[in-house]
Amino acid sequence: MEMFQHILTQMLVIFGVVLVGYFATKRGLWATEMSKLLTRFVLNVTVPLIILASVMGEGLHFATDELVQLCYVAVIIHVVLVVAAYGITAFWHLPADRKGIMRFVITFGNVTFIGFPVVSAVYGDKAVFYASVLTIPFNLLMYTIGMLFVRGEGRLRQLLRPEVLLSPCVVAAVLALIIAFTGLQTPAPVAKFCHLIGDMTIPCALLIIGATLTSVPRRSMLGNRFVYSGLVLRLAVMPLLMWCVMQWVPCSRYVRDIAILICGMPVGANGVMFCLQYGKDERTMAQSIFLSTFWSVLTIPLLILIIDNM
């Protein structure tokens, strides 16, 4: 019961920030142009710093054997998710833009803001360390393949372009890997600086989602068949698929359970910012994020119950 209350509280906080963005825009306190400019600031400044902050801080030590196990599990997780995203949509007759959005929805969950608190509530503070390591390749893929999905350019060779490989988010993800593996201890002021600005990412992303939802007619707020198809895949099919795969992966049950749980998080909030950046269908993405977060209040406790009894 306590765990459910913690998750419910977390979701209410998220919806509260989204509603602030929504009503601020409705009252003329937030302009459409502001969302686009803030999106550029978040993707180029605050997100790279929150990625770096994930491997900085007191008491965050990365033992080599733990890192090796967590890293190959992380690779397996994201390979399965990306392959599933391509495989499921390959035979689905969708426009290119919607196909990219569906691939993003399937692959990328809101691990940082929802996943970490949930993992901490269920498995303790140590689990946040494990989840943070599993998130390092997630960040690298989010700002390469994730952007590619939303842009609708279906060729993976686009990832080799300098503007992709040298983007602030990709560079930050690579630096985070180096810091984790070398055990480099960053000075406390540097870590505090990264955390201070990086922590702006989540509230800014949620405000942008709220502002974007003002362009969605009220009758469409409950979504459509396309949106709900994505929600079923993200919240139910992907974690169950990951459970099947993890039965064959040599790792501790602790790591396995955390890996499965983070695969059942709602759609990543960065999706709507990518849509704004590249002029894609931000309304559908905002609906997917909003509704997946709403329904995850029920699906996450159910997933935890299933994991504990398997």
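Keep in mind it's a predicted model, so treat the numbers as computed, not measured.
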**Prompt:** When you look at CZ of R253, are more than 12 heavy atoms from neighbouring residues, nucleotides or ligands closer to it than 6.0 Å?
**Reply:**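 Result for CZ/R253: enclosed.
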**Heavy-atom neighbours of F226 CZ exceed 12 at 6.0 Å** =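 Yes, the 6.0 Å shell around CZ holds more than 12 heavy atoms from other groups.
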**Prompt:** Mind checking whether L302 and I307 sit in one hydrophobic cluster, side chains of I, L, V, M, F, W, Y counted as touching below 4.5 Å?
**Reply:**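 Yes, because L302 and I307 connect within a single hydrophobic cluster, where side-chain heavy atoms sit under 4.5 Å apart.
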**Request:** Show your reasoning for whether side-chain contact (heavy atoms from CB on, under 4.5 Å) applies to L261 and D257.
**Result:** CA-CA 6 Å; L261 184 55; D257 290 352; over 6 Å; no
Nearest 0.5 Å, please: how far is [atom2] in [Y] from [atom1] in [X]?
X	Y	atom1	atom2	value
M102	T107	CE	OG1	11.0 Å
L235	L240	CG	CG	11.0 Å
D281	I101	CG	CD1	4.5 Å

**Message:** I'd like to know if the side chain of S292 and the backbone of I289 have a donor-acceptor N/O pair within less than 3.5 Å.
**Reply:**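 Yes; at least one donor-acceptor contact below 3.5 Å.
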**Message:** Looking at M246, is its backbone amide N or carbonyl O close enough to the side chain of R256 to form a donor-acceptor pair, meaning the two atoms are under 3.5 Å apart?
**Reply:**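 No; judged by distance alone, with no hydrogens or angles, the pair does not exist.
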Non-hydrogen atoms of [X] and [Y] that approach each other most closely:
X	Y	result
A259	V73	CB-CG1, 4.0 Å
G264	I300	O-CG1, 4.1 Å
W92	S229	CH2-CB, 3.7 Å
M238	C263	CB-O, 4.1 Å

**Message:** Is the shortest side-chain heavy-atom distance between C204 and T46 below 4.5 Å?
**Reply:**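 They are not in contact (no side-chain heavy atoms under 4.5 Å apart), so the answer is no.
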**Request:** For this output row, return yes or no: ring centroids of F149 and Y86 closer than 6.0 angstrom.
**Result:**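 Close enough - the centres of the two rings lie under 6.0 Å apart.
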